[in-house]
Amino acid sequence: MNYRDKVAFIAGGTTGINFGIANAFAAAGAKVAVLSRKQENVDTAVEALKAHGGEVLGFAADVRDADAVSAALAQAAETLGPIDALVSGAAGNFLAPADKLSPNAFKTVVDIDLLGTFNVLRSAHPYLRKPGAAVVNITAPQAWLPTVYQVHACAAKAGVDQVTRTCALEWGPVGIRVNGIAPGPIADTEGMRRLAPTPEATQALVASVPVRRYGTIQEIAKAALWLCSEDAGYVTGVILPVDGGWSLAGSGAMSAAMSG
Ligand code: COA
Ligand code: NAP
């Protein structure tokens with residue numbers, strides 16, 4: 001896929017799945033900006049992305065801080081040009097039973113995933129190419145399948161999906177498409193290190209996926225590049241599971257596989 005002269009901004013894009021997406025955009029010729037909290041993650045990501053030869057910017061900021069997110073987007077657009085592809089993927093998750101979860105722990109995850117996604121989309125809006133920009137929010141099957149010990153992430157990602165659909169409605173008329181990707185269990189990620197931390201848990205999780213394997217970061221990145229491309233020009237307001245059929249297995253199978 002060719003993204004030469006296009007601009008991609010990836011919030012939470014310094015590690016894991018989101019870095020894989022940033023890397024795929026850079027490899028396809030895009031000018032890329034990434035944002036996350038930790039300066040060392042930003043520095044490492046920027047250096048790796050520069051290997052593709054294009055322009056790269058990195059911002060150390062927290063998606064919960066609307067002003068910092070706005071400033072980063074303004075600077076990215078001023079330096080690189082109007083944003084063609086916006087990915088919002090910053091998130092936090094861990095296993096914790098609802099009755100043991102503190103209000104602040106619940107709020108923390110909702111603030112990062114849901115408020116953070118709103119902050120990223122709202123702050124980006126002035127700088128998105130109109131018409132032509134595409135937004136992808138990274139969600140999870142937990143958004144529609146209740147999963148034990150993840151009441152915080154389930155609630156947060158359900159909200160993210162409604163932000164996706166609502167912004168698709170509001171922004172369609174000016175030529176901005178807004179979609180979501182719901183990855184299944186993806187290999188070599190912090191998410192899976194947290195949700196399936198032992199070999200036994202990994203085995204149970206794989207057994208609950210119809211295609212009987214973890215997905216790869218590259219498989220999510222390819223879906224993101226397709227959703228942001230003209231090939232997906234008539235696709236908006238969609239949450240695309242890229243999960244080997246995991247969500248078809250349902251809430252019970254997901255909960256059994258992630259019961260800690
Ligand atoms: N179980 C239960 N509660 C937890 C927890 C856990 N494993 N980890 C953190 N918390 C609680 C804290 O105790 C605190 O609540 P309290 O004030 O009532 O004690 C609250 O969550 C906030 O924790 P804090 O460490 O201050 O939050 P943070 O903003 O620094 O970090 C997290 C956010 C907790 C989500 C952290 O895990 C993180 O940065 N995650 C990003 C990476 C990630 O999760 N990747 C996977 C994506 S799927
Ligand atoms: P990850 O590597 O931990 O990615 C999260 C990224 O977000 C990191 O780069 C982190 O960098 C950044 N981040 C976290 N909190 C932030 C904040 N408050 N402000 C700004 N940036 C923040 O985890 P991952 O497993 O690849 O997950 C990536 C996305 O995929 C998430 O949205 C997750 O919910 C989703 N997902 C993952 C899986 C899976 O199998 N892993 C499955 C379904 C959905 P800093 O620490 O530097 O901030």
Side-chain angles (χ1 to χ4, degrees), residues 9-23 34-46 58-66 68-69 72 87-117 119-120 123 136-145 147 149-154 156-158 160-161 180-197 202 205-206 209 213-217 219-221 223-224 239-244 246-247 254 257-258 260:
F9 188 107
I10 296 94
T14 62
T15 65
I17 291 172
N18 304 318
F19 173 75
I21 294 171
N23 197 46
V34 291
L35 174 152
S36 82
R37 293 166 301 176
K38 296 179 193 135
Q39 188 67 57
E40 73 261 30
N41 285 348
V42 173
D43 292 343
T44 305
V46 166
F59 300 96
D62 194 313
V63 293
R64 292 168 284 191
D65 180 346
V69 171
V87 178
S88 174
N93 199 5
F94 45 79
L95 293 173
D99 62 316
K100 304 282 190 309
L101 192 69
S102 75
N104 189 44
F106 183 90
K107 179 179 185 299
T108 297
V109 171
V110 170
D111 281 355
I112 298 171
D113 294 23
L114 177 52
L115 178 62
T117 294
N119 286 341
V120 169
S123 301
V136 171
N137 294 326
I138 306 301
T139 178
Q142 288 91 322
W144 66 97
L145 294 171
T147 311
Y149 309 147
Q150 291 178 68
V151 66
H152 42 320
C154 290
K157 293 294 197 184
V160 168
D161 287 0
I181 291 176
I186 303 302
D188 303 320
T189 61
E190 181 60 22
M192 283 306 113
R193 279 188 281 278
R194 288 169 180 236
L195 302 183
T202 302
L205 202 47
V206 168
V209 180
R213 66 170 177 87
Y214 273 9
T216 66
I217 289 174
E219 285 170 325
I220 305 302
I239 310 299
L240 178 67
V242 183
D243 68 351
W246 196 41
S247 50
M254 281 174 51
M258 284 197 279

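Both backbone and side-chain heavy atoms feed into the values below; hydrogens, waters and symmetry mates do not. For ligands, and for the atoms within them, numbers begin at 1 and follow the listed sequence.
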Heavy atom of [X] under 4.0 Å from ligand 2?
X	result
E40	no
P185	yes
G184	yes

Which ligand 2 atoms, with their elements, are less than 4.0 angstrom from a heavy-atom of N41?
->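 Matching atoms, with element in brackets: 11 (O), 45 (P), 46 (O), 47 (O).
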
What atoms of ligand 2 come within less than 4.0 Å of a heavy atom belonging to G16?
->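 Taking each heavy atom of G16 in turn, ligand 2 has 2 (O), 26 (O) under 4.0 Å.
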
Any [X] heavy atom less than 4.0 Å to ligand 1:
X	result
R37	yes
K100	no
L195	no

Considering only non-hydrogen protein atoms, determine which one is nearest to [atom] and report residue, atom name and distance to 0.1 Å.
atom	answer
atom 28 (C) of ligand 2	N18 ND2, 3.6 Å
atom 46 (O) of ligand 2	R37 NH2, 3.0 Å
atom 23 (O) of ligand 2	E190 CB, 3.9 Å
atom 2 (O) of ligand 2	T15 OG1, 2.7 Å
atom 10 (C) of ligand 2	S36 CB, 4.2 Å
atom 20 (C) of ligand 1	A105 CA, 3.6 Å
atom 9 (C) of ligand 1	F94 CE2, 4.0 Å
atom 13 (N) of ligand 2	A90 CB, 3.9 Å
atom 43 (C) of ligand 2	P183 O, 3.1 Å
atom 47 (C) of ligand 1	A91 O, 3.9 Å
atom 34 (O) of ligand 2	K157 NZ, 3.0 Å

With a 4.5 Å limit on heavy-atom distance, are the side chains of [X] and [Y] in contact?
X	Y	result
L95	R194	no
V209	D243	no
L115	V110	no
T44	F19	no
M254	Q150	no
R64	T108	yes

N93 contact mode with ligand 2 (heavy-atom cut-off under 4.0 Å) =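 None of N93 does.
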
Which segment of A61 sits under 4.0 Å of ligand 2 when only heavy atoms are counted |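 The part of A61 near ligand 2 is the backbone, not the side chain.
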
Can you tell me how far CG of L35 sits from OG of S123, rounded to the nearest 0.5 angstrom?
->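 So the gap between those two atoms works out to 10.0 Å.
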
Separation between OH of Y149 and CD of Q142, rounded to the nearest 0.5 Å |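 It comes to 15.0 Å.
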
Do ligand 2 and [X] have nitrogen or oxygen atoms that lie under 3.5 Å from each other?
X	result
I17	yes
G12	yes
V63	yes
G191	yes

Considering only heavy atoms, which of [options] lies nearest to [atom]?
atom	options	answer
atom 22 (C) of ligand 1	T108, I17, D111, V109	T108
atom 35 (C) of ligand 2	D113, I220, I138	I138
atom 29 (C) of ligand 2	G89, A140, A187	G89
atom 36 (N) of ligand 2	D188, T189, T139, I186	T139
atom 18 (N) of ligand 2	I217, I21, T14, D62	D62

May I ask you to decide if [Y]'s main-chain N or O and [X]'s side chain share a donor-acceptor pair within less than 3.5 Å?
X	Y	answer
T147	L145	yes
N119	V63	yes
K107	S102	no
N18	G12	yes

Criterion side chain to side chain contact (heavy atoms under 4.5 Å, CB included) on I21 and I138, from CA distance to verdict | CA-CA 11 Å; I21 294 171; I138 306 301; 3.8 Å; yes

Per-atom contacts, ligand 1 versus [X] - under 4.0 Å to a heavy atom:
X	result
E190	45 (N)
I112	33 (C)
N93	44 (O), 48 (S)

For D161, what residues pass the salt bridge (Lys or Arg N to Asp or Glu O under 4.0 Å) criterion, not counting sequence neighbours?
->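 D161 satisfies salt bridge (Lys or Arg N to Asp or Glu O under 4.0 Å) with no other residue.
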
Any nitrogen or oxygen of N104, main chain or side chain, under 3.5 Å from a nitrogen or oxygen of ligand 1?
->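 Indeed, backbone or side chain, N104 has an N or O that close.
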
Counting only heavy atoms closer than 4.0 Å, does ligand 1 sit against the backbone of [X], its side chain, both, or neither?
X	answer
R64	side chain
S102	side chain
R194	side chain
T189	neither

Please report the C-alpha distance between K38 and T15 in whole Å, then the side-chain angles of each, then the deciding distance to 0.1 Å, and finally whether the side chain to side chain contact (heavy atoms under 4.5 Å, CB included) criterion is met.
-> CA-CA 11 Å; K38 296 179 193 135; T15 65; over 6 Å; no

Protein heavy atoms: any of them under 4.0 Å from [atom]?
atom	result
atom 12 (C) of ligand 1	no
atom 24 (P) of ligand 1	no
atom 37 (O) of ligand 1	yes
atom 16 (P) of ligand 1	yes

Y214 and its side chain to side chain contact (heavy atoms under 4.5 Å, CB included) partner, picked from I186, T189, V206, D188 |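 The residue from I186, T189, V206, D188 that satisfies side chain to side chain contact (heavy atoms under 4.5 Å, CB included) with Y214 turns out to be V206.
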
Measure up the H152 and F94 rings against each other and bin them: parallel (under 30°), tilted (30 to 60°), perpendicular (over 60°).
->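 If you compare the ring of H152 with that of F94, the planes turn out tilted.
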
Specify the closest pair of heavy atoms between S88 and T117, including all atoms of both residues, with the distance to one decimal.
->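 Heavy atoms of S88 and T117 come nearest at OG-OG1, 3.2 Å.
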
